[in-house]
2 protein chains.
Amino acid sequence: MPGPIQSLSRAAAIMRLLAGGERRLGLSEVATALDLAKGTAHGILRTLQQEGFVEQDPESGKYQLGAELLRLGQSYLDVHELRARALVWADDLARASGETVYLGVLHQRGVLIVHHVFRPDDTRQVLEVGSMQPLHSTALGKVLLAYDPVARGELGEGPFESYTPRTLTEAADVDAEAALTRERGWADAVEETWEGVASIGALIQDRRRNPVGAVCISGAVERVCEDGFVKPSLVASVRSAARAISRDLGAGRF
Amino acid sequence: MPGPIQSLSRAAAIMRLLAGGERRLGLSEVATALDLAKGTAHGILRTLQQEGFVEQDPESGKYQLGAELLRLGQSYLDVHELRARALVWADDLARASGETVYLGVLHQRGVLIVHHVFRPDDTRQVLEVGSMQPLHSTALGKVLLAYDPVARGELGEGPFESYTPRTLTEAADVDAEAALTRERGWADAVEETWEGVASIGALIQDRRRNPVGAVCISGAVERVCEDGFVKPSLVASVRSAARAISRDLGAGRF
DNA sequence: CACTGCGGTCGACATTGTCGACCGCCTGTC
DNA sequence: GACAGGCGGTCGACAATGTCGACCGCAGTG
């Protein structure tokens, strides 16, 4: 198997670097961070700029991600079959549960949100499509870990990052949680990534029964939980939506 | 000035091809469409796949855009200064006008929507962030054409595409409309791109008075227009929002 | 069974991408 | 004001790579 094309891999690394914390970087910073010669980094940045994937601030000379990524990202969503088939079911789930609904797929070492239905109320909400969630501490992530061996491989060994006092950080605990998820067919995450937030997620499969994603509801602990546990009626709603989406993707009757 | 890096330009062309009409293409289709050798196309696709920019359906062998584009597209939005500063003003404009609000920037030969506030009602709406609008027939596009010479250059010579009977298709008419926009400081588009839809847009400038984008409201003709013209109160609201956003970007008092 | 076209691999080699050396400009320091 | 340092950027030699024609196995069709 031949290796990757070096300049493409380097370009991808530059774009990922620009997507990271600092977000605007100079030529020399990019070259140093990726251990490239300045002429090399410049050649790649110049071409990425010509193609719209990178922009350069004319005043500071700093580089940042470009608009073509947004456009192609939207095109990715347009053609995403799972998302297309889930749209209506996700709306229904938001209405039935009164909570925010997320649709996520495994991407690199986390869960990529590909669809987001706002909670049907008047509160201000921020669209999460395109953002990543951790695998070990979210309902979506736990579902993918339970059913997708690739996800488990991506997670690696612990200890994992602790976001709240309730986050599971040991691999053994995360694996036990995955076994529980498989046993009962759904996952929950109560204040494990964000304080005050609880979620319930379930698996989506394609017509070959391969895991292709997960759907979840997410909301305030006070609404999602009762007597210390997530509400069974919400669990039922999430699982029902997951089954409906799976059927639309061609998975047979369960 | 040296040319672009060939393999990067080719990779960009492949991704744009996959973003086009058909959206899922086989190796040979990609090679033929871009006049590349199959080995060349395969090498590029293999690397794009490894980096997450392209995915291959294991059953059909077809290639499509990958999830990393969505993630980087979202990162582009996160760092987009114009959008960050416009968020609150856009929300205010949606509330004040009762209509959908779009924020757009010039990108290649059109307007890229970088922010979208839903009309504050219960109707089902589709998020347009990441989509492109034409330059010659939308309020956002007309504003950019009026103030941004780069936009005018990207538009080229007519005749332009006619979307409705009211679309301006001759370059002279579009230029006259741009002059009118400069004269009165705002643009409108009444059923020029979509039947039954009217929009009002105004320019956003940065601290050096460079045009950096435009904001508009968009809604049903029956609500946006009165006696055959767009409502003056809505024009005032859009212009006010545009000035506020420009000030936040450092443009001085007008 | 033969044919066609698919995705994919391989290796020779021509072309390109790489990178060290150098440039002008800007900023900070003395 | 002079100087040093570091910036973005260019240039051209050349080593390394990306290109592509030839070929492969497989699946679908007649």
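Below, chain A is the first sequence line, B the second, and so on; all start at residue 1. Note that the structure is a prediction, hence the values are computed from the model and not measured.
Across C/dC6, D/dG9, C/dG8, the shortest atom-to-atom separation from the side chain of A/Lys38 is found for D/dG9. Across D/dG18, D/dG9, C/dG7, the shortest atom-to-atom separation from the side chain of B/Ser7 is found for D/dG18. Distances were taken from every side-chain heavy atom of A/Gln6 (C-beta onward) to each of C/dG7, D/dT17, C/dT9; the shortest belongs to D/dT17. Comparing atom distances between the A/Gln56 side chain and each of D/dG9, D/dT19, C/dC19 picks out D/dG9 as nearest. The listed nucleotides are C/dT9, D/dC20, C/dG17; the one nearest the side chain of B/Ala37 is D/dC20.
Within the nucleic acid shown, A/Gly26 comes within 4.0 Å of sugar-phosphate atoms alone, with no base atom in reach, counting heavy atoms only. At the heavy-atom level, B/Thr40 lies under 4.0 Å from base atoms of the strands shown.
Between A/His42 atom NE2 and D/dG12 atom P there is a gap of 16 Å when expressed in whole angstrom units. Rounded to an integer number of Å, the gap from CD of B/Glu59 to P of C/dG7 is 15 Å. The CD atom of B/Gln64 sits 16 Å away from the C1' atom of C/dG7 (whole-angstrom rounding). A straight line from CD1 of B/Ile5 to P of D/dT10 spans 13 Å, rounded to a whole angstrom. C/dT18 atom C1' lies 9 Å from atom CD1 of A/Ile44, rounded to whole Å. In this structure, A/Arg24 places its CZ atom 15 Å from P of D/dG8, rounding to the nearest Å. Between A/Leu8 atom CG and C/dT18 atom C1' there is a gap of 15 Å when expressed in whole angstrom units. A/Asp35 places its CG atom 10 Å from the P atom of C/dG20, with the value rounded to the nearest Å.
Of the side-chain N and O atoms in A/Tyr63, none sit less than 4.0 angstrom from OP1 or OP2 of D/dC7. For D/dT19, the OP1/OP2 oxygens have a side-chain nitrogen or oxygen of B/Arg10 closer than 4.0 Å. Between B/Ser28 and C/dG7 there is a side-chain N or O to OP1 or OP2 distance below 4.0 Å.
Of the two residues near DNA chain D, B/Gly39 and A/Leu27, the one whose nearest nucleotide lies more 5' is A/Leu27.
A/Leu18 has its side chain within reach of A/Leu25: a pair of non-hydrogen atoms, C-beta onward, lies under 4.5 Å apart.
Ion pair B/Asp175/B/Arg152 flagged as a salt bridge, since at least one NZ, NE, NH1 or NH2 atom sits closer than 4.0 Å to an Asp/Glu carboxylate oxygen.
Donor-acceptor pairing under 3.5 Å is recorded for the side chains of A/Asp57 and A/Ser60. No hydrogens or angles considered: nothing links the side chains of B/Thr32 and B/Glu29 as a donor-acceptor pair under 3.5 Å.
Close placement of the A/His136 and A/Tyr163 rings is indicated, their centers lying within 6.0 Å of each other.
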